Amino acid sequence: MWRLISLAAKTNEQMLLEFKSLIPFVESLEEVSDKHWNQPIAAGKWTVKDIICHLMLWDKYFYEGAIKKIILREPITTKHLDLTSLMLTL
């Protein structure tokens with residue numbers, strides 16, 4: 001059920017197919033019980049829910065700060081981020 005995707009350079013078409021292939025996996029997450037969502041992956045580690053939320057919010061931040069600006073042909077600013085503060089605000 002779970003698999004990793006390759007991050008090797010690909011054509012746009014290959015990347016779209018790869019991401020499209022993840023749709024069944026994402027849809028399958030609806031079937032995961034609350035017990036599993038709230039269970040840490042190991043002692044002292046984040047829960048599955050924490051990890052998924054972290055990735056989702058990081059993707060949202062990256063989309064809004066870079067991808068969206070590229071699409072709209074807006075300038076992208078680079079600056080040093082205090083990632084600890086950033087994670088607390090997301």
Side-chain angles (χ1 to χ4, degrees):
M1 171 171 129
W2 298 49
R3 67 184 184 85
L4 296 175
I5 62 171
S6 170
L7 297 178
K10 300 177 180 167
T11 67
N12 287 345
E13 292 80 16
Q14 289 171 322
M15 287 189 295
L16 287 172
L17 286 172
E18 190 73 34
F19 285 117
K20 186 176 181 180
S21 75
L22 292 173
I23 292 172
F25 166 72
V26 172
E27 289 173 341
S28 77
L29 295 176
E30 289 182 326
E31 306 300 320
V32 176
S33 71
D34 287 345
K35 175 185 172 189
H36 286 100
W37 277 114
N38 295 309
Q39 183 175 358
I41 61 169
K45 300 293 184 180
W46 285 5
T47 66
V48 173
K49 178 173 60 178
D50 292 335
I51 294 166
I52 297 291
C53 288
H54 173 78
L55 293 172
M56 181 183 73
L57 292 172
W58 185 256
D59 283 353
K60 179 180 184 285
Y61 170 80
F62 185 70
Y63 172 78
E64 291 172 353
I67 304 299
K68 185 177 177 181
K69 289 182 177 187
I70 292 169
I71 292 168
L72 297 174
R73 299 189 186 280
E74 294 177 356
I76 299 173
T77 56
T78 57
K79 60 183 174 182
H80 176 72
L81 294 175
D82 177 357
L83 295 178
T84 302
S85 296
L86 174 66
M87 289 299 119
L88 293 174
T89 63
L90 294 177

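A quick note: this is a predicted structure, and the numbers were derived from the prediction, not measured. The residues of the chain are indexed from 1 along the displayed sequence.
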Any side-chain heavy-atom pair of I51 and I41 under 4.5 Å: yes
Distance, nearest 0.5 Å, that separates CD of E18 from OG1 of T11: 11.0 Å
Spatial distance of atom CG (D59) from atom NE2 (H54) [nearest 0.5 Å]: 9.5 Å
Treating Ile, Leu, Val, Met, Phe, Trp and Tyr as nodes and any side-chain heavy-atom pair under 4.5 angstrom as an edge, say whether F62 and I70 lie in one connected cluster. no
Answer yes if L55 and Y63 sit in the same cluster of Ile, Leu, Val, Met, Phe, Trp and Tyr residues linked by side chain heavy atoms under 4.5 Å apart, and no otherwise. no
Going only through I, L, V, M, F, W and Y residues with side-chain contacts under 4.5 Å, is there a path from W46 to V48? yes
Nearest heavy-atom pair of I76 and K69: which atoms, and what distance? CG1-CB, 4.1 Å
Looking only at heavy atoms, what is the nearest atom pair of W37 and I52, with distance? CZ3-CG1, 3.6 Å
Does I23 belong to the same Ile/Leu/Val/Met/Phe/Trp/Tyr cluster as L16, with side-chain heavy atoms less than 4.5 Å apart forming each link? no
Scanning both residues in full, the closest heavy-atom pair of K49 with N38 reads NZ-OD1, 2.7 Å
